[in-house]
Amino acid sequence: MNLTERDRQYLWHPYTQHKTAAVPIAIKKGKGALLWDENNKEYIDAIASWWVNPYGHSNTFIADAIYKQLTTLEHVLFGGFTHEPAVLVAEKLMEILPKNQQKIFFSDNGSTAVEIAIKVALQYFFNKGKKKTTIIAFEDSFHGDTFGAMAASGISFFVEAFQGMFIDVVRIPVPVKGLEQQSYDALHAVIKMHDCAGFIFEPLVQGAAGMVMYAPEALDVLLRICRENNVLTIADEVMTGFGKTGKTFATDYLVEKPDMMCLSKALTGGTIPMAITTFTQELFDAFYDDDINKALFHGHTFTANPTGCAAALASLALLQTNEMQANIVRVHQSHLEFEERVKNHPQVVTTRVLGVIFALEIKTESTASYYGTLRNKLYDFFIENGVILRPVGNIVYILPPYVITEEQLQKVYQVVEKALEIV
Ligand SMILES: *Cc1c(COP(=O)(O)O)cnc(C)c1O
């Protein structure tokens, strides 16, 4: 039996209807922006494997750091113990996070980073003896698949089966160009009508919604409204963090700073699952008390796993090299040139670029569903042509590893242009 057949016997894949889905592609090997399957077919990973892998596959710098850590101290519980890799990650992050972020809490994945931020927002007011239990989120947002994160997520068919079982979440429109005032008005209205504890958002780019982009000025207005009304703000930078928007964090484009930030995905360069939620001193202080009940009773077995911390440190070191920063600028420039080339194509409705993120919307007759016919046709076409791209409905986006070569990137563009001829 080949790998795909053995897979079918026991494995249950994410976001997959196994009855109708194509068999998964068995990947044997990766290097840089490239992956190879069991038949040695080569693919360009133009979405950095769900946005986790900016420094390339099988990166030996990160691998060496992991090996060194594994053979020094692979793990120790973080309750009652600490270790240098965790302290170093915290010290490093303090250099690059917005200055108001002063405390960090480790977990394992983006959903738990969000879960923790929501729990802290709710308990912050509980600890202060105030009743504020509603969370504000954007329409079509994505914050993960655990219950709190799911409640905050607005992509409806992901969460349909669980309606009525969630914490209270109210939604406001995303302030995309033209809808800014509507978004501000909606925020004012929900704050007036509900006891809002926090506002969670994907800053500047909504990834899973199809790289929907909006301006930092608009987000600043929303954050100011929250601050003036004592609503805590949570920047979910799980996707946008670590250079994807052209700055280290999307919040670096803002004047207002969030109270909390959620980090994961590229944090460890796609090696070890790890996430971090960051907080202001004021938030931490609301839990700091002689009363043990005011503590944050949350933790995970693998919290601050030293091997994960070593991977994060190596990844952060790579991000800060001149070479990596130059890669980010280069990919961005190439995206802009490609945008000029395709934006007037008759099949293209709109294009957008921020940092290394490029998205284009393809004209379609039918209302494009998330996993609709057009989407599947495009996906299959890209795979046949050796490029991994996962369109969201009629939106094709490119979010490559920063280390993608110019030649590989041009091949991705060519395949996208060819796809425009077949739709
Ligand atoms: C991927 C993602 C999450 C969830 O992260 P997981 O590691 O998949 O749990 C949360 N928020 C955003 C913005 C994401 O892109």
Side-chain angles (χ1 to χ4, degrees), residues 12-16 45 47-54 105-121 135-155 158-159 162 166-167 169 171 174 198-214 219 233-245 248-251 253 258 260-278 298 300 302-303 305 308 311-312 315 354-357 359 370 390-392 395 397-401:
W12 195 340
H13 284 260
Y15 307 115
T16 301
D45 184 359
I47 56 167
S49 282
W50 271 343
W51 325 330
V52 302
N53 207 304
F105 193 99
F106 284 99
S107 62
D108 316 318
N109 60 72
S111 304
T112 56
V114 165
E115 208 72 32
I116 290 159
I118 291 174
K119 283 176 76 172
V120 165
I135 299 293
I136 306 162
F138 279 141
E139 286 162 5
D140 290 335
S141 54
F142 180 72
H143 298 292
D145 293 337
T146 54
F147 254 80
M150 215 177 12
S153 294
I155 299 175
F158 276 27
V159 302
F162 312 102
F166 291 136
I167 55 164
V169 174
R171 285 185 205 291
V174 185
F199 167 43
I200 183 163
F201 53 91
E202 294 158 87
L204 309 192
V205 192
Q206 289 189 298
M211 303 297 158
V212 172
M213 297 181 190
Y214 61 98
L219 185 53
T233 53
I234 305 165
D236 177 354
E237 292 239 22
V238 169
M239 189 282 281
T240 49
F242 307 108
K244 307 235 182 66
T245 64
T248 306
F249 299 108
T251 41
Y253 286 93
M260 296 178 241
M261 288 170 67
C262 306
L263 310 172
S264 188
K265 292 213 164 98
L267 173 64
T268 58
T271 55
I272 308 243
M274 172 162 270
I276 289 174
T277 315
T278 75
H298 188 103
H300 298 281
F302 280 96
T303 295
N305 170 253
S315 300
L354 182 66
V356 304
I357 308 167
Y370 215 87
R390 288 176 62 98
V392 178
I395 297 161
Y397 73 85
I398 306 169
L399 203 171

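Read the numbers this way: they start at 1 and go in the same order the structure lists the ligands and their atoms.
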> Are Phe201 and Tyr214 close enough that their ring centers fall under 6.0 Å?
Replying inline: no

Within the 4.0 Å heavy-atom shell around [X], which atoms of ligand 1 are there?
{"X": "His143", "result": "10 (C), 11 (N)"}
{"X": "Gly144", "result": "4 (C), 10 (C)"}
{"X": "Trp51", "result": "15 (O)"}
{"X": "Asn109", "result": "7 (O), 9 (O)"}

Protein heavy atom at shortest distance from [atom]:
{"atom": "atom 5 (O) of ligand 1", "value": "Gly110 CA, 3.1 Å"}
{"atom": "atom 11 (N) of ligand 1", "value": "Asp236 OD2, 2.7 Å"}
{"atom": "atom 9 (O) of ligand 1", "value": "Ser111 OG, 2.6 Å"}

Between ligand 1 and [X], is the shortest N or O to N or O distance under 3.5 Å?
{"X": "Glu202", "result": "no"}
{"X": "Val114", "result": "no"}
{"X": "Lys265", "result": "yes"}
{"X": "Ser264", "result": "no"}

Is a donor on one side and an acceptor on the other found under 3.5 Å between the side chain of [X] and the backbone of [Y]?
{"X": "Thr16", "Y": "Pro14", "answer": "yes"}
{"X": "Ser141", "Y": "Gly154", "answer": "yes"}
{"X": "Tyr253", "Y": "Leu204", "answer": "no"}
{"X": "Ser264", "Y": "Val238", "answer": "no"}

> With no hydrogens and no angle check, do the side chains of Glu115 and Thr112 hold a donor and an acceptor under 3.5 Å apart?
Replying inline: no

> Taking atom types as modelled and ignoring hydrogens, do the side chains of Ser49 and Asp45 form a donor-acceptor contact shorter than 3.5 angstrom?
Replying inline: yes

>> Could you walk me through whether Phe142 and Gln206 satisfy the side-chain contact (heavy atoms from CB on, under 4.5 Å) test, starting with their C-alpha distance in whole Å, then the side-chain angles of each, then the deciding distance to 0.1 Å, before giving a yes or no?
In response: CA-CA 7 Å; Phe142 180 72; Gln206 289 189 298; over 6 Å; no

> Are any of the heavy atoms in Glu237 under 4.0 Å away from ligand 1?
Replying inline: no

> Could a heavy atom of Trp50 be found less than 4.0 Å from some atom of ligand 1?
Replying inline: no

> Is any side-chain heavy atom of Ile135 closer than 4.5 Å to a side-chain heavy atom of Phe166?
Replying inline: no

